[in-house]
Amino acid sequence: FKPLNDRWTTNPRTSVPGLYMAGSDAFLPAVCGAMYGGILGASCVLGYGGSLRFVFAFLREFATALQEDNPKMSWPQAYLLATNKFFTELVAN
């Protein structure tokens with residue numbers, strides 16, 4: 001983006017060092033904008049490695065829930081299904 005657009009593009013950073021916006025102020029209005037704004041703010045604070053750890057922890061919990069719903073499912077199957085559902089259903093929609 002051009003520096004001129006910094007004032008209106010979605011960015012959780014502020015001019016105050018260490019202060020980040022989250023929610024609809026960081027992304028777009030409404031519920032979905034607030035949700036993604038929270039993710040943007042958290043990603044900014046956590047950094048790349050922290051964001052990856054967050055996603056892997058989410059997938060681990062999601063796989064555990066899937067495995068509890070279907071006890072015959074192995075852990076690798078549950079993790080692959082959780083990953084597939086995450087990227088095809090949750091992220092894509």
Quiz item: Given the rule that I, L, V, M, F, W and Y join up when any side-chain heavy atoms are under 4.5 Å apart, are W75 and M73 in one cluster?
Solution: yes

Quiz item: CG/L66 to CG/L81 distance, rounded to the nearest 0.5 angstrom?
Solution: 5.0 Å

Quiz item: Does the T14 side chain pair with the main chain of L19, one donor and one acceptor, at a distance under 3.5 Å?
Solution: yes

Quiz item: Looking only at atom types and distance, does a side-chain atom of E89 sit under 3.5 Å from a main-chain N or O of F86, one as donor and one as acceptor?
Solution: no

Quiz item: Minimum heavy-atom separation for M21 to R13, with atom names?
Solution: CE-O, 4.4 Å

Practice problem: Evaluate the side chain to side chain donor-acceptor pair (under 3.5 Å) criterion for residues E61 and T64: first the C-alpha distance (whole Å), next the side-chain angles of each, then the deciding distance (0.1 Å), finally the verdict. | Solution: CA-CA 5 Å; E61 292 298 318; T64 301; 5.3 Å; no

Self-check item: Same apolar cluster: V55 and L80, side chain cutoff 4.5 Å
Solution: no

Quiz item: Once you round to the nearest 0.5 Å, how far does CZ of R60 lie from OG1 of T83?
Solution: 12.0 Å

Quiz item: What is the minimum heavy-atom distance between G38 and A22, and which atoms define it?
Solution: CA-CB, 4.2 Å

Quiz item: Looking at OG of S51 and CG of L40, how far apart are the two atoms once the value is rounded to the nearest 0.5 Å?
Solution: 9.5 Å

Quiz item: Linking I/L/V/M/F/W/Y whenever any side-chain heavy atoms sit under 4.5 Å apart, do L46 and Y20 land together?
Solution: no

Practice problem: State, with a plain yes or no, whether a side-chain heavy atom of Y79 is found less than 4.5 Å away from one of F62. | Solution: no

Quiz item: Is there a chain of hydrophobic side chains (I, L, V, M, F, W, Y, each step under 4.5 Å between heavy atoms) that links F58 to F56?
Solution: yes

Quiz item: Atom CG in L59, atom CG in N84: separation rounded to 0.5 Å?
Solution: 11.0 Å

Quiz item: Between Q77 and K72, what is the shortest heavy-atom contact and its length?
Solution: OE1-O, 4.5 Å

Quiz item: Where is the tightest heavy-atom contact between A78 and Q67, given as atom of each residue plus distance?
Solution: CB-CB, 4.1 Å

Quiz item: If you look at every heavy atom in P12 and G41, which pair is closest and at what distance?
Solution: CB-CA, 3.9 Å

Quiz item: How many angstroms lie between atom OH of Y48 and atom OG of S43, to the nearest 0.5 angstrom?
Solution: 11.0 Å

